[in-house]
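In what follows, a single structure is set out as structure tokens and then discussed.
Values below: all heavy atoms of this structure, side chains included; hydrogens, waters and symmetry mates excluded. Every chain is numbered from 1, with letters handed out A, B, ... down the list of sequences.
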Amino acid sequence: MEKEIQLTAPVSTMEETNISLKRREKGEKAKKAVALTFVWIMLLVMYLPIMYLIVYSFTDAKVIGQWNGFNFDCYSTLFNGKNIYAKEIWEATWNTVWVAIVASLLSTVLGTAGAIGMHFLGKKFKTVFNFANEIPIVNAEIVMALSLVILFAFLGLPTSAFSLIIGHMVLTIPFVVINVQPKLEQMDPSLYEAAMDLGASRSGALFKVMIPDLMPGIFSGFMISMTLSLDDFVITEFTKPSEGTDFQTISTYVQGTLAKGSVPIQIRSFTTLIFLLIVAVMIGYTIVNNRKAKKI
Amino acid sequence: MEATKTLSRNQGKVHETRKWLCMPYGIFLILFIIFPILLIFYYAFSDPTTGLFTLKNFKSVFEGDSSVTTFKVIGQSLGVAALTTVICILIAYPIAYILANSKWNKNAVLVYLFLLPMWINFVIRTVATKQLLIFFGLDPAMHPWVCSIIGMVYNYLPFAILPLYNTMLKLDKSQIEAAADLGASPVQVFIKTIVPMTVPGIVSAATMTFMPTMSSYVITDALSGRTIKLIGGQIEHQFLHSQLNVGSVYAIIMLALIGLSVVFENFFSEKKKGGR
């Protein structure tokens, strides 16, 4: 660097700016390196617990952190129908999935209809509706959970699959509404009216003109509902069926075993597989998105 | 004239029918969201057996020795929530800034990578965090606060990154450049232009972390050896012992704290609007 400056001793102003620009560029590059290193280190930290679980899915030691030799016991027992833990895990998985799908579908239908209706309400009612819709978002999940338990106790009903679905709908509906609302604002109202003028029935205009317009919002509302429902613990613990066989979702099952002090080793292999599934979906989604972007 | 009249009447009818689409949701809101919250107040002020008005539920929470526990729980909840929020924002802020800077990060893949762990069940992630902390020699029973805060920050960091990232995408670059051209040092540029522009992001990141933290008793239970108790945990405890009336009192405390944070949040976002 010094040499360079000496060489250009009889400096013209042009060259001087060139050098300072180069220096600036170097500074930018260094900054970029530091910034990206920081981000990657943080990412590494974020993935460390999951990686740790994945590494120890290849040993059958009861406690994570002890290495009992490399083997696939966590995996083989996870797919062994006679293994009690495997049975419990798959049952909890099935419960988690069906509750999420049913609750999200119902939330999406009810929430989308609600958002459309609200859009055409007078200002006063709209404000009231929007306020009520905000309550579950702002309110603590545990307060909502307790209030639902009290409601069912008040009605003299035991908590059941019904209360569980209602609980998950309370959790997810507001997010459907706030995802559909911006699309309604962007919608061209004359399109719907034009369809009616051209002889479409009300439901025809609704399903063939309005709903397709709202589809991106409806879809993201559904996806957020699924994400929230699959991961939920608090509302599930409070509103899950209290009678009959022991009903568990993945969240409540793992929390239960954690409280007892021993999480089954199969949870490690289960998490590894779920992680791979998520990564695969993510990659697939990115590829499809990129293709779409290129087409446009 | 006649034709337009019927037309507008028809349109009015159309609007009428569309309005009714929100009826089912309206009923749902009243039945499962508003009415249950009112029931919490009824339960908190009534006797579990007779259903008559009483203050004994409040007394059992706020009288004598139990008041010490109650205030300790409130203090611990606020402490955990505040620490988690501040640390989350301090870490998330530079991450969001870097991710939103197109010079450094050309695509959104890195953002997705930060969000991806959220799709793994949070209870499982907490189990993994616990084991990892023990592996590093941090025993939750010995260091309840350090471990709990690490677990909370780990869980809520993506929720802080996302709103900050969204605000930073919309940063007015010309204003930053203007400040730099007019001779502001990088530190001045940061404090006087970038931070004020990102206040809405900071406020929503704080709300996204502060309020849910107080419900996340699963994390503190696992990572503090049950020494740190959150209000959420107290509610769960009452629920598990079928004490819905006393549980309602804790729920009201929680509602009061939420109300305060909403007022706080509005105060900051209003101030921002006024400043502009």
Discussion item. Taking side chain as everything from C-beta outward and backbone as N, CA, C, O, which of these in Ile134(B) sits under 4.5 Å from a heavy atom of chain A? Side chain, backbone, both or neither.
Written reply: neither
Worksheet item: Are Ile149(B) and Val80(B) side-chain neighbours, meaning at least one heavy-atom pair lies under 4.5 Å?
Response: yes
Item to complete: If the plane angle is over 60° it's perpendicular, under 30° parallel, otherwise tilted; pick one for Phe28(B) and Tyr25(B).
Response: parallel
Fill in: chain B contact via Leu258(A) - which portion, at a heavy-atom distance below 4.5 Å
side chain
Discussion item. Side chains of Phe233(A) and Glu141(A), heavy atoms from C-beta outward: is any pair under 4.5 Å?
Written reply: no
Item to complete: Check each atom of Phe154(A) against the heavy atoms of chain B and say whether the ones under 4.5 Å are side chain, backbone, both or neither.
Response: both
Fill in: Separation between CD1 of Ile89(B) and CG of Leu157(B), rounded to the nearest 0.5 Å
10.5 Å
Discussion item. Checking the side chain of Arg125(B) only, and the main-chain atoms of Ile120(B) only, is there a donor and an acceptor separated by less than 3.5 Å?
Written reply: yes
Discussion item. Which atoms of Met210(A) are under 4.5 Å from chain B, going by heavy atoms: the side chain, the backbone, both sets, or neither?
Written reply: side chain
Fill in: Which portion of Phe131(A) sits near chain B, non-hydrogen atoms under 4.5 angstrom
neither
Discussion item. Using heavy-atom distances under 4.5 Å, tell me whether Met46(A) contacts chain B through its side chain, its backbone, both, or neither.
Written reply: both
Response to the item:
For residues 208-217 of chain B against chain A, heavy atoms under 4.5 Å, the residues are Met211(B), Ser215(B), Tyr217(B)
Discussion item. Could you check whether any side-chain heavy atom of Lys31(A) comes within less than 4.5 Å of a side-chain heavy atom of Val34(A), counting everything from C-beta outward?
Written reply: no
Response to the item:
Applying a strict 4.5 Å limit to non-hydrogen atoms, the region of Phe125(A) in contact with chain B is neither
Fill in: Heavy-atom proximity to chain A below 4.5 Å, by part of Thr126(B)
neither
Worksheet item: Highest number of heavy-atom pairs under 4.5 Å with chain B: which of Asn139(A), Val45(A), Val279(A), Asp232(A)?
Response: Asn139(A)
Item to complete: Side chain from CB out, backbone as N, CA, C, O: work out which of these in Leu31(B) comes under 4.5 Å of a heavy atom of chain A, or both, or neither.
Response: backbone
Practice prompt. Could you look at Val39(A) and say if it's the side chain, the backbone, both or neither that has a heavy atom under 4.5 Å from chain B?
Written response: both
Item to complete: Would you confirm whether the ring centroid of Tyr93(B) sits within less than 6.0 angstrom of the ring centroid of Tyr97(B)?
Response: no
Worksheet entry | Any Phe114(B) side-chain heavy atom under 4.5 Å of Met42(A) side chain | yes
Practice prompt. Counting only heavy atoms closer than 4.5 Å, note whether Val177(A) contacts chain B via side chain, backbone, both or neither.
Written response: side chain
Fill in: Glu236(B) versus chain A, the contacting section by heavy-atom distance below 4.5 Å
both
Discussion item. Between Phe275(A) and chain B, with a heavy-atom cut-off of 4.5 Å, which part of the residue counts as in contact: side chain, backbone, both or neither?
Written reply: both
Worksheet item: Which pair of heavy atoms, one from Ser77(B) and one from Lys229(B), lies closest together, and at what distance?
Response: OG-O, 4.1 Å
Worksheet, complete the sentence: Rounding to 0.5 Å, atoms SG (Cys147(B)) and CE (Met152(B)) come to a distance of 12.5 Å
Practice prompt. Without swapping roles, check the side chain of Ser46(B) against the backbone of Tyr42(B) for a donor-acceptor pair under 3.5 Å.
Written response: yes
Item to complete: Answer with side chain, backbone, both or neither: which region of Leu53(A) has an atom nearer than 4.5 Å to a non-hydrogen atom of chain B?
Response: side chain
Practice prompt. Name the region of Ile250(A), side chain, backbone, both or neither, that has any atom closer than 4.5 Å to a heavy atom of chain B.
Written response: both
Item to complete: Report yes if some heavy atom in the side chain of Ile142(A) is under 4.5 Å from a heavy atom in the side chain of Phe239(B); otherwise report no.
Response: no
Item to complete: May I ask you to name which of Gly114(A), Gly167(A), Ala259(A) has the most heavy-atom pairs under 4.5 Å with chain B?
Response: Gly114(A)
Worksheet item: Checking Ala153(A) against chain B: side chain, backbone, both or neither under 4.5 Å from a heavy atom?
Response: both
Discussion item. Do Tyr43(B) and Asn57(B) make a side-chain contact, defined as non-hydrogen atoms from C-beta onward lying under 4.5 Å apart?
Written reply: no
Fill in: Phe41(B) portion near chain A, given a 4.5 angstrom heavy-atom threshold
neither
Practice prompt. Would you mind reporting whether Leu164(A) and Thr236(A) have side-chain heavy atoms less than 4.5 Å apart?
Written response: yes
Practice prompt. Name the region of Leu244(B), side chain, backbone, both or neither, that has any atom closer than 4.5 Å to a heavy atom of chain A.
Written response: both
Discussion item. If you count heavy-atom pairs within less than 4.5 Å of chain B, which of Ile116(A), Val138(A), Ile166(A), Ile135(A) leads?
Written reply: Ile166(A)
Worksheet item: Taking the side chain as C-beta and beyond, is there a heavy-atom pair between Val127(B) and Ile267(A) under 4.5 Å?
Response: no
